[in-house]
Amino acid sequence: MQRAASPFVLPQDFYLQPTLTVARELLGKIFIHISQQGVLKGRIVEVEAYHGATDEASHGFKGKTARNEVMFRQGGFLYVYFTYGMHFCMNVVTEAEGVGAAILLRGIEPLEGLEVIQHNRGANIQLYQLTSGPAKCCQAFGIGRVHNGASLFGPEIRMEGAPRIPDAHIQQTTRIGITRSRALVWRFFEQGNPFVSRTRPALAE
DNA sequence: CAGTCGATGTACT
DNA sequence: GTACATCGACTGG
């Protein structure tokens with residue numbers, strides 16, 4: 001017996017596609033954390049691609065290390081790293097084993113578990129500030145060091161399919177907060193969504 | 001509004 | 001030492 005119209009978990013093949021393709025197609029998909037606090041769901045609205053082979057800004061550019069080991073696995077894992085002494089950022093690993101590519105989740109529109117998300121982010125915060133940025137997303141969804149290397153098909157973390165966002169609603173720009181490989185136009189977001197971290201010119205110089 | 005800057009831990013030179 | 005895929009508070013116009 002087939003489950004009735006239940007949303008489907010994205011299959012591993014999805015993550016084995018070229019990283020820029022996955023980044024584009026990840027917009028609109030549903031990120032799920034089945035946490036101790038409850039089920040947290042959100043719709044991905046902003047991402048950035050990082051690709052070890054050609055991208056100096058990628059953690060994987062200089063090869064595999066203890067920190068970035070997860071990036072070099074086959075697609076379908078969560079790569080979580082700690083930065084600036086106080087923040088976590090989460091990525092979706094893409095492509096084949098050994099490539100070293102991932103997609104940073106920068107903006108997630110909350111869909112379920114809003115009370116928990118509000119609690120995780122602290123009191124008296126504007127709605128749009130809950131998840132409009134990579135470290136905000138991790139704090140809101142309770143993602144930290146223990147989730148580095150988690151499977152995206154596991155009991156705790158999953159990604160569900162959703163209707164494709166039309167090209168006309170998607171913007172592509174240079175990435176935020178990096179110094180190397182600044183020219184690469186590898187940031188994707190849903191136009192006009194309040195949970196996008198900030199606005200930028202569509203074409204930088 | 002825009003620009004600047006401090007917090008604070010870790011990876012890597 | 002230095003840089004860092006950030007955030008939020010603060011400054012000045």
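Treat the numbers as computed from the prediction; the structure is a model and nothing was measured. Proteins get letters first, then strands, A, B, ... in listed order; numbering begins at 1 in each.
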A:R187 side chain N/O closer than 4.0 Å to the phosphate oxygens (OP1, OP2) of C:dA5?
no

Within the pair A:K136 and C:dG8, is there a side-chain N or O less than 4.0 Å away from OP1 or OP2?
yes

Between A:R43 and A:E109, does the salt bridge (Lys or Arg N to Asp or Glu O under 4.0 Å) criterion hold? Intermediate values first, please.
CA-CA 5 Å; A:R43 184 169 166 273; A:E109 177 182 344; 3.1 Å; yes

Under 3.5 Å, is there any donor-acceptor pair linking the side chain of A:Y81 to the base of C:dA5?
yes

Is A:T179 near enough to C:dC4 that one of its side-chain N or O atoms lies under 4.0 angstrom from OP1 or OP2?
yes

Need the pair for B:dT8. Rule: Watson-Crick or G-U wobble, both distances under 3.5 Å, any strand; none if unpaired.
none

For A:S132 and A:S197, which I'm curious about, is there any donor-acceptor pair between the side chains at under 3.5 Å?
no

Under 4.0 Å, heavy atoms only, any strand: does A:I178 hit a base, just the sugar-phosphate, or nothing?
sugar-phosphate

Give a yes-or-no answer on whether the side chains of A:H87 and A:Q139 include a donor-acceptor pair shorter than 3.5 Å.
no

Contact class for A:A57 vs. all strands (heavy atom < 4.0 Å): base, sugar-phosphate, or nothing?
base

Separation of A:Q129 atom CD from C:dG8 atom P, in whole Å?
6 Å

Between C:dC7, B:dT10, C:dC4, which nucleotide gets closest to the side-chain atoms of A:A135?
C:dC7

Would you check if the distance from the ring center of A:H59 to the ring center of A:Y50 is below 6.0 Å?
no

OP1 or OP2 of C:dC4 versus the side-chain N and O atoms of A:R67: is any pair under 4.0 Å?
no

A:N68 has an atom CG; how far is it from atom C1' of C:dC4, in whole Å?
14 Å

I want to confirm an ordering. Mapping A:R145 and A:M86 to their closest nucleotides on DNA chain B, which one lands closer to the 5' end?
A:M86

Looking across every strand, which nucleic acid part, if any, lies under 4.0 Å from A:Y50 by heavy atom: base, sugar-phosphate, or nothing?
base

Taking a pair to mean Watson-Crick or G-U wobble geometry with both distances below 3.5 Å, C:dT11 pairs with B:dA2

